[in-house]
Novice: 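Before I ask anything, let me first share the structure, which is written out below as structure tokens.
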Amino acid sequence: MKKFLFMALLGLSLSVSKAHAQWTVYDPGNFAGNIANSVKEIATAGKTVKNTLDGFKEVEKLYNDTKKYYDALKKVNNLIGDAYKVKECILMVGDISEIYVTSYKRMLSDKNFRPSELAAMASGYAKLLEQSGESLKELKSVAKSGVLSMNDHERMQTIDRIYTTLREYRSLVSYYTRKNISVSYVRARERNDLASVKALYGNTASRYW
């Protein structure tokens, strides 16, 4: 699958037509579909692995295997119209995955959380990831010209809706992360141990969520 994703991304960067604002050779739906499958694997692993740092390594590996494609996609900067929106949708799912993997890994080292709480957090993240993946699956079905029963205007409207939905999911993941970490801050303050929590999650300037 890695080879397929690389070739698909290569096709993405070579096939954009500025004149028509369409992806004339590469089918962007294939790329979105494969990213959706990767997100589903991450979500499934997040629900099934033990909530320990060792158990989380499989989730982290799955994300790192996909991250290189997000990074490469960021370098494609000559897209316009619906092609640009499709790219941004995919990258937002990358943001959601990154916030989950990076922040939850830190939470697993946080002594202010009980195992049952960590399990509940993992379930919440997995649900948001799954919903994001479903949005990408829908994107796959409409991101190309010639979709049956849908003209270009309707297709672009659908892509805009998916874009808005994924922005909401990204905001939800950020909010969910902040709320979880705020619990740790409250408990650390009660134990007079704020320094360790700040060291774990970073200061305000360095936070990405």
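This one's a predicted model, so the numbers in the text were calculated from it and none came from an experiment.
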Novice: With sequence neighbours left out, write down each residue that passes salt bridge (Lys or Arg N to Asp or Glu O under 4.0 Å) with Asp193, or none if nothing qualifies.
Specialist: none
Novice: With sequence neighbours left out, write down each residue that passes side chain to side chain donor-acceptor pair (under 3.5 Å) with Gln131, or none if nothing qualifies.
Specialist: none
Novice: Run the salt bridge (Lys or Arg N to Asp or Glu O under 4.0 Å) test against Arg187 and tell me which residues pass, sequence neighbours left out.
Specialist: Glu117
Novice: Within this structure, what is the CG-OG1 distance for the pair Leu128 and Thr177, rounded to the nearest 0.5 Å?
Specialist: 9.0 Å
Novice: Would you indicate whether the side-chain heavy atoms of Leu62 and Ser38 approach each other to under 4.5 Å?
Specialist: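 Heavy-atom side-chain distance check fails, nothing below 4.5 Å.
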Novice: Quick one: list whatever passes side chain to side chain contact (heavy atoms under 4.5 Å, CB included) with Asn192, sequence neighbours left out.
Specialist: none
Novice: Got a sec, which residues hit side chain to side chain contact (heavy atoms under 4.5 Å, CB included) with Asp71, two or more places apart in sequence or on another chain?
Specialist: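 So Asp71 forms a side chain to side chain contact (heavy atoms under 4.5 Å, CB included) with Lys67, Lys74.
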Novice: Considering residues at least two apart in sequence or located in another chain, which fulfil the side chain to side chain donor-acceptor pair (under 3.5 Å) criterion with Asn112?
Specialist: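 Applying side chain to side chain donor-acceptor pair (under 3.5 Å) to Asn112 gives Asp110, Ser184, Arg191.
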Novice: Considering residues at least two apart in sequence or located in another chain, which fulfil the ring pair (Phe, Tyr, Trp, His ring centres under 6.0 Å) criterion with Tyr176?
Specialist: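 Only Tyr125 meet the ring pair (Phe, Tyr, Trp, His ring centres under 6.0 Å) criterion with Tyr176.
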Novice: With the side chain counted from C-beta on, respond yes when Val93 and Arg170 share a heavy-atom pair under 4.5 Å apart, and no when they do not.
Specialist: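 Contact flag for Val93/Arg170 side chains = no.
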Novice: Using the side chain to side chain contact (heavy atoms under 4.5 Å, CB included) rule, take Leu129 and Lys40 through it: C-alpha gap first, then chi angles, then the decisive distance, then the call.
Specialist: CA-CA 7 Å; Leu129 280 169; Lys40 183 177 180 180; over 6 Å; no
Novice: Could you give all pairs that pass the salt bridge (charged side-chain N to carboxylate O under 4.0 Å, His left out) test and reach residues 124-137, with sequence neighbours left out?
Specialist: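 Output for this query lists Lys47-Glu130, Glu134-Lys137.
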Novice: Please report the interatomic distance CD(Glu154) to CD1(Ile159), rounded to the nearest 0.5 Å.
Specialist: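 One finds 12.0 Å between CD of Glu154 and CD1 of Ile159.
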Novice: Name all residues meeting the salt bridge (Lys or Arg N to Asp or Glu O under 4.0 Å) criterion together with Lys111; count only those two or more places apart in sequence or in a different chain, and write none if there are none.
Specialist: none
Novice: Please report the interatomic distance OH(Tyr63) to CD(Glu98), rounded to the nearest 0.5 Å.
Specialist: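 Result: 4.0 Å between the selected atoms.
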Novice: So, taking the atom named OG1 in Thr164 and the one named CE in Met92, what distance separates them when rounded to the nearest 0.5 Å?
Specialist: 8.0 Å
Novice: Using the side chain to side chain contact (heavy atoms under 4.5 Å, CB included) rule, take Ile96 and Tyr100 through it: C-alpha gap first, then chi angles, then the decisive distance, then the call.
Specialist: CA-CA 6 Å; Ile96 291 168; Tyr100 159 53; 5.7 Å; no
Novice: Between atom CD1 of Ile90 and atom CD1 of Ile35, what is the distance when rounded to the nearest 0.5 Å?
Specialist: 6.5 Å
Novice: Would you name the heavy atoms of Ser109 and Leu53 that are closest together and state the gap between them?
Specialist: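 Ser109 and Leu53 have their closest heavy atoms at OG-CD1, 3.3 Å.
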Novice: I'd like to check the side chain to side chain donor-acceptor pair (under 3.5 Å) partners of Gln157; sequence neighbours left out, ordered by chain and number.
Specialist: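 Gln157 satisfies side chain to side chain donor-acceptor pair (under 3.5 Å) with His153 only.
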Novice: Quick one, Thr66 and Ser97 - any side-chain contact, counting heavy atoms below 4.5 Å?
Specialist: no
Novice: Which atoms form the tightest heavy-atom contact between Lys198 and Tyr185, and what is the distance?
Specialist: CG-OH, 3.7 Å
Novice: For the atom pair OG (Ser132) and CD (Glu168), what is the distance rounded to the nearest 0.5 Å?
Specialist: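 Nearest 0.5 Å value for the OG-CD distance: 11.0 Å.
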Novice: Which pair of heavy atoms, one from Ser174 and one from Ile99, lies closest together, and at what distance?
Specialist: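 It is OG-CD1, 3.6 Å.
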Novice: Who passes side chain to side chain contact (heavy atoms under 4.5 Å, CB included) against Thr165, sequence neighbours left out?
Specialist: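 If we apply the side chain to side chain contact (heavy atoms under 4.5 Å, CB included) test to Thr165, skipping adjacent residues, the hits are Ser135, Arg161, Tyr169.
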Novice: State whether the side chain of Ser141 and the backbone N or O of Glu138 hold a donor-acceptor pair below 3.5 Å, judged by distance alone.
Specialist: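 Between the backbone of Glu138 and the side chain of Ser141 there is a qualifying donor-acceptor contact (under 3.5 Å).
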Novice: Same cluster or not: are Val186 and Tyr201 linked, directly or through other Ile, Leu, Val, Met, Phe, Trp or Tyr residues, by side-chain heavy atoms under 4.5 angstrom apart?
Specialist: no
Novice: Please enumerate all residues that pass side chain to side chain donor-acceptor pair (under 3.5 Å) together with Lys105, with sequence neighbours excluded.
Specialist: Glu60
Novice: Look only at the side chain of Ser182 and the backbone of Lys179, and say whether a donor-acceptor pair between them is shorter than 3.5 Å.
Specialist: yes
Novice: Do you know which two heavy atoms are closest between Leu108 and Thr52, and how far apart they sit?
Specialist: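 In terms of heavy atoms, the two residues are closest at CD1-O, 3.6 Å.
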